[in-house]
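Before any comments, here is the structure.
Just so we're clear, the structure is a prediction, and the values are computed from it rather than from any experiment. Residue indices begin at 1 and follow the sequence shown.
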Amino acid sequence: MNWRDIKPSLDGSHFLLEGKPLWRDRFTAVMSFHAPGVAPVQDASGWYHIDANGHPLYTARFQKAFGFYFARAAVMDPEGWFHIDLSGKACYPERYPWCGNYQEGVCSVRSKEGYFHIDSKGRPIYAARFDYAGDARDGIICAVENSEAFHIRFDGSRLYAHTYRFVNVYHKGFALALDEKGWFHIDRSGRPLAAHRFPYLEPFYNGVAFAIDQEGNPVAVSEAGLVTRLS
């Protein structure tokens with residue numbers, strides 16, 4: 001049995017393998033399996049993680065638990081949010097009002113001073129604090145400060161000088177950005193790829209992005225800025 005083939009049931013109470021219940025056990029809630037083959041579950045005792053045989057990894061219980069990423073899982077107890085290792089032990093002593101999941105070896109957390117990122121041992125990777133700082137992808141992080149959105153590097157420095165209302169993670173060299181006119185794509189220098197703005201826009205998928213134009217029509221947008229109506 002490969003743990004990657006195990007799926008949560010639609011009602012979130014148990015796990016399925018090839019469409020059939022894997023065990024008789026039922027939970028209050030379950031989430032997907034992640035490497036190295038463990039999943040967060042909730043029962044009357046609280047949240048914890050199980051292996052692909054349905055066995056708990058540790059004896060601790062939490063108020064909330066999420067999947068493992070980079071051998072770290074975000075959990076919450078009465079003292080706050082933090083990360084645990086596969087043995088259920090805290091990776092660092094700090095507790096936060098919120099923390100995210102590790103991506104590329106770093107993780108976004110929120111303190112009273114604002115959002116920032118920590119490494120696998122819980123150490124801040126830069127001195128700055130932001131109104132928001134999200135997941136990392138390709139060594140780049142989305143950040144917001146004073147209602148202006150932009151991207152930063154792992155050292156906290158700005159990737160470019162431009163600011164927008166909102167930005168998303170980079171995907172294959174491009175990121176979604178929002179200004180007062182709508183959504184568009186930017187390159188790694190922060191420059192728009194084209195003058196078009198859309199009320200709805202998706203990341204590029206093999207060089208083409210789905211969008212809804214200003215008239216409400218579904219369109220395809222190429223990396224060169226060509227817009228093709230789909231209906």
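- Judged purely by atom type and a 3.5 angstrom limit, Ser108 has no side-chain atom pairing as donor or acceptor with the backbone of Gly100.
- To the nearest 0.5 Å, atom OG of residue Ser157 and atom CD1 of residue Ile152 are 8.0 Å apart.
- Annotation: Leu10, atom CG; neighbour count of heavy atoms from other residues, nucleotides and ligands within 6.0 Å does not exceed 12.
- In this structure, Ser189 and His162 approach most closely via the heavy-atom pair O-CD2, 3.5 Å.
- The two residues Trp23 and Asn53 make their nearest non-hydrogen contact at CZ2-C, 3.5 Å.
- Between Ser32 and Arg4, the closest side-chain pair of non-hydrogen atoms is not below 4.5 Å.
- A side-chain donor-acceptor contact under 3.5 Å links Tyr48 and Asp43.
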(request) Using the side-chain contact (heavy atoms from CB on, under 4.5 Å) rule, take Val75 and Phe82 through it: C-alpha gap first, then chi angles, then the decisive distance, then the call. (result) CA-CA 6 Å; Val75 298; Phe82 58 104; 3.6 Å; yes

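- Put simply, the side chain of Phe68 does not reach to within 4.5 Å of the side chain of Phe33, judged on heavy atoms.
- Residues Val208 and Val221 are not in side-chain contact: their nearest non-hydrogen atoms beyond the backbone lie 4.5 Å or more apart.
- The two residues Ile118 and Tyr96 make their nearest non-hydrogen contact at CG2-OH, 4.1 Å.
- The heavy-atom pair separating Ala133 from Tyr115 by the smallest distance is N-CB, 3.4 Å.
- Note: Arg137 CZ to Glu104 CD = 8.5 Å, rounded to the nearest 0.5 Å.
- The shortest side-chain heavy-atom distance between Ile6 and Leu16 does not fall under the 4.5 Å cut-off.
- Remark: the backbone N or O of Ala136 is not paired with any side-chain donor or acceptor of Gln103 at under 3.5 angstrom.
- The aromatic rings of Tyr102 and His83 sit perpendicular to each other, their planes meeting at more than 60°, with 30° as the lower class boundary.
- Distance check: His117 NE2 to Tyr126 OH gives 5.0 Å after rounding to the nearest 0.5 Å.
- Ring-plane geometry between His151 and Tyr170 is classed as tilted, the angle between the planes lying from 30 to 60 degrees on a 0 to 90 degree scale.
- Remark: aromatic rings of His196 and Phe184 are distant, center separation not under 6.0 Å.
- Residues Val109 and Ile84 share a single hydrophobic cluster, defined by chaining ILVMFWY side chains whose heavy atoms lie under 4.5 Å apart.
- Arg191 forms no cation-pi arrangement with Tyr160, by the criterion of a distance under 6.0 Å to the ring centre and an angle within 45° of the ring axis.
- The hydrophobic clustering, which links ILVMFWY residues whose side-chain heavy atoms are closer than 4.5 Å, places Leu86 and Ile50 together.
- Criterion: ILVMFWY side-chain heavy atoms under 4.5 Å apart, direct or through other members. Under it, Ile140 and Phe166 are not part of a common hydrophobic cluster.
- Remark: Tyr205 OH is loosely packed, at most 12 non-hydrogen atoms of other residues, nucleotides or ligands lying under 6.0 Å away.
- Contact annotation: the side chain of Pro40 never approaches that of Val30 to less than 4.5 Å [non-hydrogen atoms, C-beta and beyond].
- For the atom pair CG of Leu201 and CG of Asp213, the computed distance is 11.5 Å after rounding to the nearest 0.5 Å.
- With rounding to the nearest 0.5 Å, the separation of NZ in Lys121 from CZ in Arg72 is 9.5 Å.
- Counting heavy atoms from C-beta on, the side chains of Pro203 and Asn168 never come closer than 4.5 Å.
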(request) Please report the C-alpha distance between Phe27 and His14 in whole Å, then the side-chain angles of each, then the deciding distance to 0.1 Å, and finally whether the ring pair (Phe, Tyr, Trp, His ring centres under 6.0 Å) criterion is met. (result) CA-CA 6 Å; Phe27 300 92; His14 59 285; 9.2 Å; no

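- Geometrically, Arg129 engages Phe116 in a cation-pi contact, judged by NZ or CZ lying under 6.0 Å from the ring centre and within 45° of the ring axis.
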(request) Kindly indicate, with the supporting measurements, whether the criterion salt bridge (Lys or Arg N to Asp or Glu O under 4.0 Å) is fulfilled by Asp85 and Lys89. (result) CA-CA 6 Å; Asp85 60 21; Lys89 295 181 180 179; over 6 Å; no

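- Ion pairing between a basic and an acidic side chain is recognised when a charged N comes within 4.0 Å of a carboxylate O; Lys172 and Asp138 show no such pairing.
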(message) As a quick check of understanding, evaluate side-chain contact (heavy atoms from CB on, under 4.5 Å) for Phe174 and Glu223, giving each step before the final call.
(response) CA-CA 9 Å; Phe174 304 105; Glu223 292 180 1; 3.6 Å; yes

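- Without hydrogens or angle criteria, Arg153 side chain to Arg158 main chain gives a donor-acceptor distance under 3.5 Å.
- Ring pair Phe150/Phe130 is perpendicular by interplanar angle, where above 60° counts as perpendicular and below 30° as parallel.
- Of all heavy-atom pairs between Asn101 and Ala74, the closest is OD1-CB, 4.0 Å.
- The side chain to side chain contact (heavy atoms under 4.5 Å, CB included) search around Glu18 returns none, not counting sequence neighbours.
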(request) Kindly indicate, with the supporting measurements, whether the criterion side-chain contact (heavy atoms from CB on, under 4.5 Å) is fulfilled by Phe66 and Trp81. (result) CA-CA 11 Å; Phe66 292 90; Trp81 290 76; 3.5 Å; yes

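- Atom OH of Tyr92 sits about 11.0 Å away from atom OG of Ser120, to the nearest 0.5 Å.
- When side chains are defined from C-beta on, Val106 does not count as touching Phe70, because their heavy atoms never get closer than 4.5 Å.
- In this view, Lys181 and Asp179, Arg197 satisfy the side chain to side chain contact (heavy atoms under 4.5 Å, CB included) rule, not counting sequence neighbours.
- Taking all atoms of both residues into account, the shortest heavy-atom contact from Pro8 to Met31 is CG-C, 4.0 Å.
- The closest side-chain donor-acceptor pair between Glu202 and Tyr200 falls under 3.5 angstrom.
- In the hydrophobic clustering of ILVMFWY residues, with side-chain heavy atoms under 4.5 Å counting as a link, Val167 and Trp183 come out apart.
- At a threshold of 4.5 Å between non-hydrogen side-chain atoms, the residues Leu57 and Val38 count as touching.
- In terms of modelled atom types and a separation under 3.5 Å, the side chain of Arg165 and the main chain of Glu148 share no donor-acceptor contact.
- Val169 and Ile141 are members of different hydrophobic clusters when ILVMFWY side chains are connected at heavy-atom separations under 4.5 Å.
- Aromatic rings from Tyr69 and His34 are positioned such that their centres are separated by under 6.0 Å.
- No option in Lys64, Met76, Arg61, Gln63 other than Lys64 meets the side-chain contact (heavy atoms from CB on, under 4.5 Å) test with Trp47.
- With Gln42 contributing its side chain and Thr28 its backbone, the two residues share no donor-acceptor pair below 3.5 Å.
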